[in-house]
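Just so we're on the same page: letters track the sequence lines, and every chain starts at 1. Values in this document were obtained by computation on a predicted structure and should not be read as measured data.
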Amino acid sequence: MSEVREKESRLKVDGAVSLIELHETVEYILPDEHYDHPVAVIECIEGIPCNPCETACPVGAIVVGDDITTLPVIDPTICTGCGLCVAACPGLAIYLKQQHHSDGLSYIAFPYEYLPLPEKGQAVTMVDRRGQHVCSGTVVRVIKTKRFDRTAIVHATYDSAFYEDVVNMVRL
Amino acid sequence: MKRLKRDIVVIGSGPAGLCAAIEAARSGAAVLLVDENAKIGGQLFKQIHKFFGSADHRAGVRGIDIGEQLLRQAEELAVEVWLNCEACGIFDEKTVWMVRDKEHSVAVEAQRIIIATGAVENSINFPGWTLPGVMGAGAAQTMINIHRVLPGHRVLMVGSGNVGVIVSYQLLQAGATVAAIVEAAPNLGGYGVHTAKVRRAGVPFYTSHTVKEARGNGHVERAVLVKLDSQWNQVPGSEFEVEVDTICIATGLTPAVELAFGSGCRPFNSPPLGGLVPVHDRMMKSSIDSIYIAGDVSGVEEASTAMEEGRIAGLSAAHSLGTITDQMFAERLEQLQHNVDALRSGMFGQKRREAKDAIVRSYGVER
Amino acid sequence: MVDIIVDGQVMQARKGEMIAAALMANGKNTFRKTVKREEPRGIYCGIGRCTDCVMTVNGIPNVRTCVTEVEEGMVIQTQIGSGEWQ
C-alpha cells in the first residue's frame with residue numbers, strides 16, 4: 001500500500017460534500033432542536049437544471065423558481081415532513097431529520113435504493129457522508145409506495161450526538 | 001436489391017432518434033425509423049436512475065420509463081420501425097443503403113434523413129488492458145441493466161464523469177463491490193450528487209490517479225494504481241495495488257460520425273463535445289440540406305438534450321417538407337429551443353452551450 | 001431456459017439472452033484466444049462494435065456473442081485465432 005496522503009475533504013476531490021462546504025451554503029438548512037417533527041434537509045449544492053423537489057412538495061415548502069439551476073430553498077416551518085421530495089430528488093440529495101425525536105435520539109428518513117431492504121425494528125449501522133460507520137441505528141419504518149417510484153425511504157433513530165454526521169446506513 | 005421510397009428516414013432509435021421520429025410523425029410526416037439492434041431505445045433503457053431537468057420534461061422519471069413512454073407514443077403514431085437493420089451508407093444525399101437481418105440489402109430513397117447514431121466509448125491503453133475483465137463502463141451497464149448478469153464482483157472504475165459514477169452506483173445496486181474510482185484530473189468530473197451517492201456507500205475516489213497496469217493470470221486479478229503529477233506524468237514510487245476482478249473504463253465518448261461524414265456532411269472539431277461532429281444549425285440541419293442530425297452524434301451531452309435535439313430535428317425535417325405551417329413550426333421550435341437552452345444552463349451546462357454555439361457559428365460561416 | 005453446448009459442456013441459458021451474457025452467468029469470461037500469442041479475450045464494448053467477444057457458433061467463426069441470441073442446442077466454441085469455417 002502506498003503512502004496515499006490524507007485527501008483533502010472537498011466535494012470535487014473526495015466525492016462527498018464536506019461539512020465546511022455545507023455550512024458555507026446558505027441553502028443548507030439543518031433544523032434545530034425546536035422542531036417537533038422531522039423536516040426536509042436538502043444537500044444540493046451544485047446548480048444543475050433540476051426542480052422535481054419543488055414540483056413534488058404538496059405544501060410549497062421548497063422553492064427553485066423559473067431558473068431551474070437555482071439551488072432549492074426549503075422553508076422548514078412550512079414543511080410537513082411528508083417525504084415526497086426525498087423520493088422525488090433524482091440525486092437522492094434530500095432526507096428528513098429531527099434533532100430531538102426521543103430520549104437522546106435523532107430521527108432520519110433517507111432514500112435507499114438497494115436490496116434487501118431493512119425491516120422495522122432492525123438494528124443497522126449508520127454512516128456519514130464518506131461512508132464511515134458512525135453509530136448504530138434502529139429502523140422505525142420502511143416506506144415503498146408507487147409514488148416513490150422504487151426509491152424506498154428508510155426511517156431510523158440514532159444517537160443524537162451524531163445528528164449532523166449521519167446521512168444513511170450501511171448496505172445490508 | 002429492393003428499392004423503396006419514404007418521406008423521412010431516421011437512423012438510430014435511441015432517445016434522439018425516437019424523439020425525432022415521434023415529432024416528425026406528429027407533424028404529419030411518414031417516418032421510417034431504423035436501428036441495427038434487436039431492440040429499440042439505444043442507451044436509454046440502461047438508464048435505470050431518475051433524470052434531472054424540469055419536471056415539465058419528465059425530470060424525476062427513470063430513463064427506462066421515459067423509454068417506455070416514448071415507445072408507446074411511437075406505436076400510437078404508427079411510426080414504421082425496422083430493427084436488425086444496419087444503415088451502411090448514404091448516397092447522393094438521399095438514398096440510404098441498409099442491410100436487414102444481416103441478409104437483405106434495401107435501398108430507401110428518402111426526402112429527408114435524420115442521423116441519430118449516438119456515440120461510442122473511448123478506451124485507454126495500459127499493460128494488461130486486453131485481459132478478460134477489462135471492459136467499457138457501458139459494457140458493464142449493458143450487462144447488469146439489460147442482461148441482468150454481473151460482469152464481475154470487485155470493480156475498479158476508471159473515470160469519474162457521470163458515466164463512471166452512475167455505472168458505479170448501478171454496479172453497487174447489482175450487488176458488486178466498487179473498490180475504487182480513479183480520476184486522472186485533480187477534480188472529479190461527475191455531478192456532486194452522483195459522487196456523493198457512491199461515496200456514502202464507502203467507495204473511495206482517487207483524484208490525480210490513473211490505472212498503470214492490470215495484472216492476473218488469464219483474467220484481471222489486481223490493478224496497479226499510480227499518482228499523476230500536475231503535468232499528468234506518473235509519479236514513480238506512488239504505485240499501489242487494489243484487488244479487483246473487473247476494470248471498467250469510463251473515459252468519455254466519441255460521436256459515431258461515420259455515416260454522416262461518409263455522406264458528405266462537413267465536420268467541425270469540438271473537443272468539449274467528444275471530437276469531430278457534423279456541423280449543424282439551430283434546426284439541427286447539417287451542411288447537407290436533406291440531412292439532419294441529433295443526439296450524441298452531434299456532440300456528446302445527455303439523454304435529456306438528445307431528446308430535445310431529436311424533436312427539433314424531426315420538427316424541422318417535417319416542416320421542410322411542408323407538413324406543418326410556418327407558424328406551427330415557429331411556435332413549437334421556440335418551445336423546444338427554450339427547453340434545450342434550459343438544459344444547457346448552470347455550471348455544468350455552460351461549457352456545452354458554448355461548444356454548441358461554436359458549431360452553429362461554423363455552420364453559418366461557410367454558407 | 002435453453003441448453004447450449006459450450007466447448008462440449010452443456011450449460012443453461014435464458015431464452016432470448018445474448019451468448020456472452022449466458023456464458024458470463026455460467027462463470028465463463030474468456031471467449032477466444034488471439035492469433036499470434038493465444039492471449040485470452042472477453043467482452044469489451046458489450047454492444048457489438050469492438051469484436052473482442054467473438055466465438056465460433058454452430059461452426060461459424062467470428063460471431064459477436066454480445067449481440068447474438070442463444071438458441072436451443074447452439075454449439076459454442078472458444079475460438080482460437082481467426083477461427084475456421086466448419
Side-chain angles (χ1 to χ4, degrees), chain A residues 1-5 7-17 21 43-56 64 66-71 84-85 87-94 110-111 113-115 127-133 148-151 166-171, chain B residues 48-62 65 160 165 169-170 172-173 175 181 183 185-209 225-227 235 237-242 304 341-349:
Chain A
M1 182 70 179
S2 83
E3 283 110 353
V4 178
R5 283 190 340 264
K7 280 191 302 295
E8 204 186 324
S9 182
R10 268 193 305 117
L11 178 64
K12 302 323 275 184
V13 173
D14 178 66
V17 66
E21 288 167 303
E43 289 196 13
C44 174
I45 73 164
E46 287 179 334
I48 51 184
C50 186
N51 69 357
C53 55
E54 182 183 52
T55 315
V64 171
D66 286 336
D67 177 358
I68 62 174
T69 63
T70 311
L71 296 185
L84 283 170
C85 58
C89 173
L92 303 192
I94 306 178
F110 54 88
E113 291 183 330
Y114 300 108
L115 293 177
V127 296
D128 65 12
R129 291 164 185 82
R130 305 181 75 199
Q132 285 171 311
H133 299 192
F148 291 171
D149 189 14
R150 288 157 286 186
T151 304
V166 164
V167 287
N168 216 285
M169 64 179 255
V170 170
R171 284 182 301 151
Chain B
I48 61 174
H49 55 286
K50 294 175 179 174
F51 280 14
F52 301 104
S54 154
D56 302 334
H57 308 109
R58 294 191 267 258
V61 180
R62 297 183 187 277
D65 297 323
S160 72
V165 291
Y169 179 64
Q170 290 165 359
L172 294 174
Q173 290 180 301
I181 303 178
E183 168 57 60
N187 288 300
L188 299 174
Y191 294 165
V193 288
H194 285 322
T195 61
K197 271 190 322 201
V198 292
R199 187 72 188 100
R200 65 176 176 252
V203 177
F205 286 90
Y206 293 95
T207 51
S208 295
H209 276 74
L225 306 184
V226 67
K227 190 161 177 13
V235 176
S238 71
E239 296 88 351
F240 63 100
E241 273 192 357
V242 287
S304 46
D341 288 344
L343 291 169
R344 293 182 182 135
S345 55
M347 51 193 281
F348 291 97

Side chain, backbone, both or neither of D149(A) within contact of chain B (heavy atoms, under 4.5 Å): both
Residue V127(A) versus chain B: region with a heavy atom under 4.5 Å: side chain
Contact leader toward chain A among A342(B), S208(B), G192(B), where contacts are heavy-atom pairs under 4.5 Å: G192(B)
Closest non-hydrogen atom pair between A59(B) and P52(A), with its separation: CB-CG, 3.7 Å
Pairs of heavy atoms under 4.5 Å with chain B: top-ranked of G131(A), G15(A), G91(A): G15(A)
Among the listed options L115(A), V170(A), N168(A), the residue most often paired with chain B at heavy-atom distances under 4.5 Å: N168(A)
Engaged part of A88(A) at the chain B interface, taking heavy atoms whose separation is under 4.5 Å: backbone
Heavy-atom proximity to chain B below 4.5 Å, by part of L11(A): both
Part of L92(A) within contact of chain B (heavy atom distance under 4.5 Å): both
Winner by heavy-atom pair count (cut-off under 4.5 Å) against chain B, out of V167(A), T151(A), V64(A): T151(A)
Pairs of heavy atoms under 4.5 Å with chain A: top-ranked of G202(B), S345(B), A196(B), G346(B): S345(B)
Steps toward side chain to side chain contact (heavy atoms under 4.5 Å, CB included) verdict (T207(B), R10(A)): CA-CA 11 Å; T207(B) 51; R10(A) 268 193 305 117; over 6 Å; no
Option in V198(B), V165(B), D65(B) with maximal non-hydrogen atom pairs under 4.5 Å from chain A: D65(B)
N187(B) and V13(A), any side-chain heavy atoms less than 4.5 Å apart: yes
Least distance between heavy atoms, I68(A) atom then G53(B) atom: CD1-C, 4.0 Å
Minimal non-hydrogen separation, F52(B) against P49(A), with atom names: CB-O, 3.9 Å
Check: Y191(B) main-chain N/O paired with E46(A) side-chain donor or acceptor under 3.5 Å: no
Backbone N/O of L172(B) and side chain of R171(A): donor-acceptor pair under 3.5 Å: yes
Heavy-atom closest contact (D128(A) atom, R200(B) atom, distance): O-CB, 3.8 Å
Shortest non-hydrogen contact from V193(B) toward A93(A): CG1-CB, 3.7 Å
Non-hydrogen side-chain atoms of E113(A) and I48(B) separated by less than 4.5 Å: no
Part of T70(A) within contact of chain B (heavy atom distance under 4.5 Å): neither
Value rounded to 0.5 Å, distance of NZ in K12(A) from OG in S160(B): 8.0 Å
Residue, of R150(A), E54(A), E43(A), that accumulates the most heavy atom pairs under 4.5 Å with chain B: R150(A)
Spacing of CZ belonging to R130(A) relative to CZ belonging to R199(B), to within rounding of 0.5 Å: 5.0 Å
Pairs of heavy atoms under 4.5 Å with chain A: top-ranked of R62(B), H49(B), R344(B), E183(B): R62(B)
